[in-house]
Structure formats: structure tokens, C-alpha cells
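Here is the naming used below: chain letters follow the sequence lines, and residue numbers restart at 1 for every chain.
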Amino acid sequence: MKKSILFLSMIFLAITANYATASAADRITASIDPPIIQANMGDKITYVGTITNNSDRAVTNIIAYISLANVTQGRESPMDLEDWSANKAIKVDTIPPHGTYKGQWPMRLIDSGSYVAYITVVDKNDNTPISSTMSRLEIKRVLRLNPNNVLPVAVGEPMIIGVILTFIVIRRRKRII
Amino acid sequence: MKIAYIMQKEIRESILTPKGFLWYAITSMILSVLSYLFLTNSELSLLDQGQMLYMIMNFITALGILIGLVFGADAFAGEIERGTLEALLLSPITKTEIATGKLGAALTNWGILFAISLPYLFVVGKGGQNLFVGIAYLALLGTFLAITFSAFSMGLSSRIKSVKNSLIISFFIFLLAGSPIFLSAAQRGTWFGRIIDFINPFAGAINTFDSVVIDSQGFGYQAGRVAIICGYTLLSLWFLKRSVSRLEM
Amino acid sequence: MIISVENLAKKYDGYTALDGLNFTVEHGDIFGFLGPNGAGKTTTIRIMTAILKADSGNVLIDGHSIFGEPLAVKKIINAVPESNGYYEWMAACEYLEFFSHLYKEKISKQEVDKLLEIVGLHGKESHLIRSYSRGMRQRLGIARALINRPKLLFLDEPTNGLDPKGRRDIHDLLIDLNRDHDTTIFLSTHLLDDVERLCNRIAIINYGKIVRAGELDRMKGKGTIEDIFFLSTKEGTL
């Protein structure tokens, strides 16, 4: 009898544990759009993250944030989004049952290379965070030689001052010593 | 009119000289490199334009202060060491008039620096926010700071009567004034950092530039800091007047 | 009288430079102010030219108090100080023009040329002061001191470091100024030859006090000026 109860309890726990694990992942799902971006340095893009509540109960006070990783060959590293994005994390007050929330993550593309971006959702009532699939981001380097017409000033002004300086030196030398 | 002749003499002696113009040439080259890097370098070029404008404004202000301190250190002590002050004092011109003429020349120095910086500011800030209001604040606060530090340095020069010692103290003052740069953002948020920010006129100026150019705050927000900077200007002018009135051979 | 000094006193950090100085100078004098080094000659001149303040006493220059009306005094006097520095980057004419503007609004080129001619620098007006010899600089200093046609001219060791010809030229210049332009000259020096040649009246200062004053010829009597000087400045004389 005791053995039977123990055996049944173990089966029950296994089923509920599996259900608990599955429930976090299935209850909330996240996706990121667009799946691929090709852009230039300096461009501004916006990722849209969709968070879906697949359960019968509303989810409240969840946090969603975007992450970026550099996957360029030889330069693999996580990215600090300090200069890329102002709002990296969003707090969502509530998503109704079977409802969705679309969040926007605008970003300025600071450096060239190959990257992946993904959205992560955290619900404090669960043990596991939920991640979206990765969006591929290819950023091309753009060489700008004369933005804002900087060259005429950067080259011209020191030249003008140099000419005045030369004039002053010559004028000084001409005075009788 | 005597003040104008003193000022003219000082300008001819210190500014319209190869050494004087070398300062401007070097300033211009540094600004050229800075502005070119800001706009073309892969990471720097993606700084917000307000940020770029802010950095150049800080550089010009710091340079204006430094040149004012160096100019002031030589103003009276240099004339004493070269033996030329006595002839000036023999003339029917008051010491205050002499000091005013020299201060006018120091301000001319600042004016030239400001004029040199204008094309760079326009090029870096073009299309960005708060360019014209930023330039206006640079003109206003830069002038106040140029007067403050030049007058203080000149007063010191007339009391110490030694160019070397005046320069040493002036550089020390410059480091103190520039101390906000050495403190981290976290340190500046501490009570100590806040006190430094409050009493330091240079910190007041760069905080104002930040507030105006990057955060787009109006004059009402800056009024307190501007008032403090004006206070320092008046204090330094008083110090100069008092110092030169006691000047004797 | 053009100078009246009464009970002039000055201390530097506890050291007494002038200790109740009293003397007068008459219009038209070439007045010699003698004393050994450190006697107080330069201090006296600096006070009389209003570039140093006395601790006590009174100085009247042509009736004007040096302490009450320093600017009025500066308009009628001038000086060639001992520490005679120049703006070496200027040409001589520019130097004189600059100082003339401090006395009056305009000086013509002719006036500048005339001044330089008086001091023997004619033809050197465009030369930079940097290129001037010591003697030429002294002359330029005198030219500057003549810009306002002063009634009273102070000279502090004007022939120091000059060769005999240079000294003689300065002497002749001063005699001409006194005779032809009616300029009273106050000459501070420790060179007795200069005094002998130029001065009609002298005062000898030692340890901040006048030890002897009066007409030179009368003071000399049958002796020499060296006799008067060494006798007056002997240790223990005071």
C-alpha cells in the first residue's frame, strides 16, 4: 500500500513538474521582427517584439528586454547597448488571456559587423525566462570623407591662420634690427 | 582713451606676434582634428550632434581660461621683471586704467579664440539641436570666465611680482577649475562632487552647456548657475582692482 | 621752490630706508642727490615721482602734494629710472608715440623726430630698441622723459655703465636742457665726477637721513667733493 502511494506520488510529481516546466515556456512566447536586417552604420532601425500570452489567465508585471550579441568572426562578444538604444527594457503591466503585446525597440546602429538580436521576457512567477528566436543583423561600414562639409573648415581654417602667421613673421623680419 | 592705447600695446606685444598666433594655429589644428574625427570616425561620428557640440564648447572654454591665466600671470610681473613697469607708472595714468587696458587685451584674446571656434561649431552642430543657443551661451559664459580667470591671474601677478610663481599658481587654479573632468559621474553625484560643481565656475559653465545643448533646458533653469558665474566675475574684478591699487615698485 | 620734502619716512619689513628726510630744491637747479649704495636715493625718487608711498611726511612738487594730487604731479615731472627697461620689440618712434599718448592725444612725427634729435638719436627712429646699445637706450629714456616737456626731471644713475664719451654726451644734454629749456634736474648718483660737472646744489643722504646739503661750491670750499662725500658718509657720522 505504502509502496503504491509512493509510486503514484512520484508519477504525479513528474507529470506536474513537466507540466510546470512546459507551462512557463508555453504560457508566454516571444518573437522578434524582422528576422533579418541589413543596414548601414548610423542607420536607425526598430525591432518589434511580440509577446503572446497563451494561457487562460492574464499575466502581469512582466519585463521584456532586447539583447544584442556580436557574432562577427573573431570579435564575438555581448554588446553594451548604452549608445545603441535608449530603452532596452520594457515593463508590461498586463497581457490578457490569449492576448498579445507588441513592444518597440528603436536602435541606432553604432558599429559595423554581424550581430544577433533577441527579446527576453521575464515573469517573476516563473523559473525560466523566455527568449525569442534570434534576428540576424548585418551592419555595413560606411566611409564618409566630408560629412557636413567639414573638410573646407578643417583644412581651410588652419591654412588661413597659417597665412596670417607667415605674414606676421615676414613683417617682423622686415623691421630693422 | 589711455586705456585703449594700453590695450593696443598689449595686443601688439602678445597677440599680433608669431608666438601669439602660434597659439591660434595650434588651436585651429586641434579643432580641425576633433571635428573631422567627430564627423568621420566610425564610432565618434555616431555621437549625438549635441554631444559633439558640447565637447567642442568645453574645449574652447577650457582653452580660453588657460590662455587668460597665462596672459594674466605675465601682465604685471612680466613688466616688473623686464623693467618696463616703472616708466608706465611714471606716466599720468592710474593703475586701474593700466589694468583695464591689459584686461581688454585678454578679452581680445578670448574673442579671437571664439571667432576661430565658430566655423567648427557650425560644421559639427549643423542639423543638430540647439546650435545657435549653444553658441550664445558659449559667448556669454566664455566671456565671463575669460574675465574671471584673467582678472584673477592679473591680480595675483601684481601681488606676487614673479612670472614663474604666478604661472605655477595659475596652473594650479586651472587644474582645480578643471577638476570636474577628473571626477567620474558617480563621484560628481556625491556631496563632495556636488559642492565642487556648485562653487566651481567652470563646472557651472559646462553643466550649463550640457543643460542647454543636450537637454534643451531654458534660461530659467540656468539662471542660478549664470548668476554664480557673474558673481565670480565681479569678485575677480574687485580682487584685481584691490591688488593693483596696492602695486608699488 | 620746486621740491619741498618734509620729514619723509619709509620702512621696508622693519628696515628703515628713510628716516625723517628734509630738503628743498629751487627752480632751475641741477640738484645732485648723493649717497652710498643703499642710502635711500632710489626710494626717495620713487616717492617723489608718486610710484611709491611713504609711511609719513610730506612732499610738494611745484606746490602740488604728491600724495593728494599724484596725477597732477605726473603731468609736470618725468623721470629716467634706474631700472630702465624698454619694449624691445618697438621701434624708437613707436616707443615715444606710445608714451606720448599717455600724456596727450597726439604727437606728430616732427615732434618725435625733434625729441630724438635732441638726444642724439636722429636717423635711428625706425630701428628696433632691441638693437640699441646701452648708451642709446639711456638717450631714448631721456627722450621719453622729455615727452611732456617736464618742469622737473628726475634721473636715477643716468650714466651708469656708460663709456666716457657716453657720459660726456649725457652731461652735455642735461646742461642744455637746464639752460635752454629751463628744466630743473634732480640727479641721483654716486658718481662724484657727474656731480662735479653738472650740479650747482647737492644733498648727501646716508642711512635715510640728509647729512649735508647746500650749494656745491660753498660746501667744497678749498677741498674736493670727495672730501665732503667721504667725510659725510663716514661710519659713525650720524
message: If we ignore hydrogens and angles and just use 3.5 Å, is the side chain of B:Tyr120 paired with the main-chain N or O of B:Ser28 as donor and acceptor?
response: yes
task: Would you check if there is a donor-acceptor pair between the side chains of B:Asn130 and B:Ser216 at a distance under 3.5 Å?
output: yes
query: Is chain A contacted by the side chain of B:Ile26, its backbone, both, or neither, given a heavy-atom distance below 4.5 Å?
result: neither
- prompt: Between B:Val33 and chain A, which part of the residue has a heavy atom less than 4.5 Å away: side chain, backbone, both or neither?
  reply: neither
For chain A, the option from B:Leu31, B:Leu16, B:Thr27, B:Ile116 that forms the most heavy-atom pairs under 4.5 Å: B:Ile116
Side-chain donor-acceptor contact under 3.5 Å, B:Trp110 with B:Thr143: yes
- prompt: When the aromatic ring centroids of B:Phe132 and B:Phe122 are compared, is their separation below 6.0 Å?
  reply: yes
